Novice: 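Let me give you the structure first, and then I'll get to my questions.
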Amino acid sequence: MVTAVLVAVAMGGFGKLSKKVAEPSMPLKVTATTDRISLSVVFPGLHTISEQMQIDTGGSKVEGLRRQWLAAGASHFDEAGLSIGVRLLNRGERRVRVIGLEVVDLGRKPPLDGTLLHLPGQGGADVFRIAFNLDEARPVPREVDKQGKVQGPFFRQQELELSKGDRDTIWVPVAVSRYSVKFRLKLSYLVGDAVRPQHVTLDDGGLPFALTAVNCPRGLRTYRRIYTSLTPRWDNLQSRLKEVPNPAKYWAPVQASLGPCPQDFASKIKQIAQVTG
C-alpha cells in the first residue's frame with residue numbers, strides 16, 4: 001500500500017504542502033507472458049477436439065483456449081521453443097539492479113506423444129537476450145547476441161539496471177530436446193545500495209510453464225493423433241482445427257526442409273531468432 005506523507009512549510013504567512021510518496025515494499029513490478037510463436041500444444045494421451053472449433057489466430061480467443069488446454073494437462077510444443085517475456089517496471093524511488101534469473105521447480109518426463117494441436121504462430125519477439133537450455137542438469141541463463149548466437153552465462157559479467165520509472169522487457173526463449181518439462185522462473189534484484197537481494201517467482205498465470213520436446217524416436221516426428229490449422233499441403237492456414245487422417249504422413253509435404261530431430265540447442269535458438277527477428 002502506498003502512503004502519502006504531507007509536510008507543512010511556512011512561506012510568507014501561507015502554508016505550502018509538499019508530498020513525499022513512500023517507496024513500495026516491492027519496488028520492481030515483474031510480469032511474465034508467453035509469446036505468440038507458442039500456440040501449438042501436445043496432450044499426453046488421446047484428446048478429442050470438436051471439428052467445429054473455430055480458431056482466430058489474430059484475436060483474444062486463442063489465449064483463452066491455450067489456458068484451457070494447459071489446465072487440462074497439455075504442454076507447449078517445442079517446435080519453435082517457448083518464448084517468455086519478462087516485463088519490468090521500477091515504480092520505486094531508487095535504482096533497481098536485476099542480478100539473476102533462474103529456472104526453479106523443474107520437473108522432467110519423457111516427451112509427450114499423445115495428441116498434437118498444431119497451430120503455427122504469428123510473429124514473435126524482436127530481440128532475445130537470455131536463453132535457457134532445459135536439457136542441462138542445472139539450466140544456466142545464457143546470453144544471446146543479435147544474430148541469435150548463444151554465448152556464455154548472461155549474469156557472469158553484467159546486470160540489468162532500471163532507474164526510477166524505467167521499463168524493460170527481457171525476452172527469454174527456452175528450449176528442450178529430450179524431455180517434457182514444467183518449471184517456473186525466479187528473478188533476483190537489488191534495490192539501491194542493498195546487498196541482500198529480493199526475489200520474484202514467475203509462472204504462466206498461476207500454472208507452471210509447460211514445454212515438451214518434439215517426440216521423434218528414430219529421428220521421425222511421431223504422434224498418436226494430430227489436429228492442425230494447416231491445409232494438407234502446408235501452403236495455407238484454415239479457419240478451424242481439423243484432424244489429420246494419417247498422422248504418420250503429416251510432415252511429408254515439408255520433409256525435405258525439416259531440420260534434424262532432435263535439434264541441438266544452439267541451432268534451435270538461432271532458428272527462433274530468424275523466425276521472430
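All residue numbers in this chain count up from 1 along the given sequence. All of these numbers come straight from a predicted model, not from anything done at the bench. Every heavy atom of this structure was used, including side-chain atoms; hydrogens, water molecules and symmetry mates were not.
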Novice: Are Val150 and Glu143 close enough that some pair of their side-chain heavy atoms sits under 4.5 Å apart?
Specialist: no
Novice: Would a distance-only check, ignoring hydrogens and angles, find a side-chain to backbone donor-acceptor pair under 3.5 Å from Arg196 to Leu190?
Specialist: no
Novice: Compare every heavy atom of Val191 with every heavy atom of Pro27, then report the nearest pair and how far apart it is.
Specialist: CG-CG2, 3.6 Å
Novice: So that I can tick it off, tell me whether Arg66 and Asp204 are bridged by a salt bridge, with the cut-off set at under 4.0 angstrom between side-chain N and carboxylate O.
Specialist: yes
Novice: Quick one: does any side-chain atom of Thr231 pair with a main-chain N or O of Asn236 as donor and acceptor, under 3.5 Å?
Specialist: yes
Novice: Has Asn246 got more than 12 heavy atoms of other residues, nucleotides or ligands less than 6.0 Å from its CG?
Specialist: yes
Novice: Quick one, Arg225 with Glu243, criterion side chain to side chain contact (heavy atoms under 4.5 Å, CB included). Give me CA distance, side-chain angles, the key distance, then yes/no.
Specialist: CA-CA 8 Å; Arg225 179 176 290 169; Glu243 185 171 1; 3.5 Å; yes
Novice: Could you tell me whether Arg129 and Asp168 have a side-chain N and a carboxylate O separated by less than 4.0 Å?
Specialist: yes
Novice: Quick check: is Leu89 connected to Ile170 through a chain of hydrophobic side chains (ILVMFWY, heavy atoms under 4.5 Å apart)?
Specialist: no
Novice: Rounded to the nearest 0.5 Å, what's the gap from CZ on Arg97 to CG on Asn90? Could you check?
Specialist: 12.5 Å
Novice: Taking the side chain as everything from C-beta on, heavy atoms only, tell me whether Leu106 gets closer than 4.5 Å to Val181.
Specialist: yes
Novice: Are Phe132 and Ile99 connected into the same hydrophobic cluster when the rule is that any two of I, L, V, M, F, W, Y join if their side-chain heavy atoms are below 4.5 Å apart?
Specialist: no
Novice: Rounded to the nearest 0.5 Å, how far apart are CG of Leu134 and OG of Ser177?
Specialist: 9.5 Å
Novice: Where do Ile269 and Ala131 come nearest, in terms of heavy atoms and distance?
Specialist: CD1-CB, 4.1 Å
Novice: Check whether Asp203 reaches the backbone of Arg184 with its side chain - one donor and one acceptor, N or O, closer than 3.5 Å.
Specialist: no
Novice: The test is side chain to side chain contact (heavy atoms under 4.5 Å, CB included); show your working for Val103 and Arg138 and say whether it passes.
Specialist: CA-CA 8 Å; Val103 172; Arg138 292 178 61 88; over 6 Å; no
Novice: On a heavy-atom basis, which atom in Ala213 and which in Pro111 lie closest, and how many Å separate them?
Specialist: O-CB, 3.7 Å
Novice: Keeping the roles fixed (side chain from Asn215, backbone from Thr222), state whether a donor-acceptor pair exists under 3.5 Å.
Specialist: yes
Novice: Roughly how far, to the nearest 0.5 Å, is the SG atom of Cys261 from the CG atom of Leu220?
Specialist: 8.0 Å
Novice: Among Ile226, Leu116, Asp78, exactly one meets side-chain contact (heavy atoms from CB on, under 4.5 Å) together with Val42. Which residue is that?
Specialist: Leu116
Novice: Testing the basics here: between Glu159 and Val98, what is the closest heavy-atom pair and its distance to 0.1 Å?
Specialist: CB-O, 3.2 Å
Novice: May I have the step-by-step check of side chain to side chain contact (heavy atoms under 4.5 Å, CB included) for Arg221 and Leu258, ending in yes or no?
Specialist: CA-CA 10 Å; Arg221 292 162 173 80; Leu258 288 175; 3.7 Å; yes
Novice: Less than 4.5 Å apart, any side-chain heavy atom of Phe77 and any of Leu117?
Specialist: no
Novice: So which heavy atom on Pro232 is nearest to which on Pro253, and how close?
Specialist: O-CG, 3.4 Å
Novice: Can a side-chain donor-acceptor contact be found between Tyr250 and His118 if the only test is distance below 3.5 angstrom?
Specialist: yes
Novice: Hey, are the side chains of Phe183 and Pro208 touching, using non-hydrogen atoms and a 4.5 Å cut-off?
Specialist: no
Novice: Which pair of heavy atoms, one from Phe155 and one from Leu101, lies closest together, and at what distance?
Specialist: CE1-N, 3.5 Å
Novice: With rounding to the nearest 0.5 Å, note down the distance linking CG in Leu162 to CZ in Arg94.
Specialist: 14.5 Å
Novice: Less than 4.5 Å apart, side chain to side chain, heavy atoms only: is that true for Tyr179 and Thr212?
Specialist: no
Novice: Test of understanding: clusters of I, L, V, M, F, W, Y form through side-chain heavy atoms closer than 4.5 Å, transitively. Do Leu160 and Val200 belong to the same one?
Specialist: yes
Novice: Are Ile84 and Val104 connected, step by step, through hydrophobic side chains (Ile, Leu, Val, Met, Phe, Trp, Tyr) whose heavy atoms are closer than 4.5 Å?
Specialist: no
Novice: Set out, in order, the CA-CA distance, both residues' side-chain angles and the distance that settles side chain to side chain contact (heavy atoms under 4.5 Å, CB included) for Thr34 and Leu82, then state yes or no.
Specialist: CA-CA 7 Å; Thr34 55; Leu82 174 64; 4.0 Å; yes
Novice: Quick one about Thr115 and Tyr223 (side-chain donor to acceptor, distance below 3.5 Å, no hydrogens or angles considered), yes or no?
Specialist: no
Novice: Can you establish whether the number of heavy atoms outside Arg167 located under 6.0 Å from its atom CZ is more than 12?
Specialist: no
Novice: Does this structure show an ion pair linking Glu136 with Arg142, if we count only N-O contacts that are shorter than 4.0 Å?
Specialist: yes
Novice: May I ask you to test the Val30-Leu202 pair for a side-chain heavy-atom distance under 4.5 Å?
Specialist: yes
Novice: Counting C-beta onward and ignoring hydrogens, is there a side-chain heavy-atom pair between Val174 and Leu211 closer than 4.5 Å?
Specialist: yes
Novice: Look up atom CG in Leu28 and atom OG in Ser188, then write down how far apart they are to the nearest 0.5 Å.
Specialist: 11.0 Å
Novice: Return yes when atom CZ of Arg224 has more than 12 non-hydrogen atoms of other residues, nucleotides or ligands closer than 6.0 Å, and no otherwise.
Specialist: yes
Novice: Measuring from atom NZ of Lys29 to atom CZ of Arg91, what distance do you get when rounded to the nearest 0.5 angstrom?
Specialist: 6.5 Å
Novice: Report yes if some heavy atom in the side chain of Asp105 is under 4.5 Å from a heavy atom in the side chain of Phe209; otherwise report no.
Specialist: no
Novice: Is it possible for you to say whether Leu185 and Val140 belong to one hydrophobic cluster, with membership spreading through side-chain heavy-atom contacts below 4.5 Å?
Specialist: no
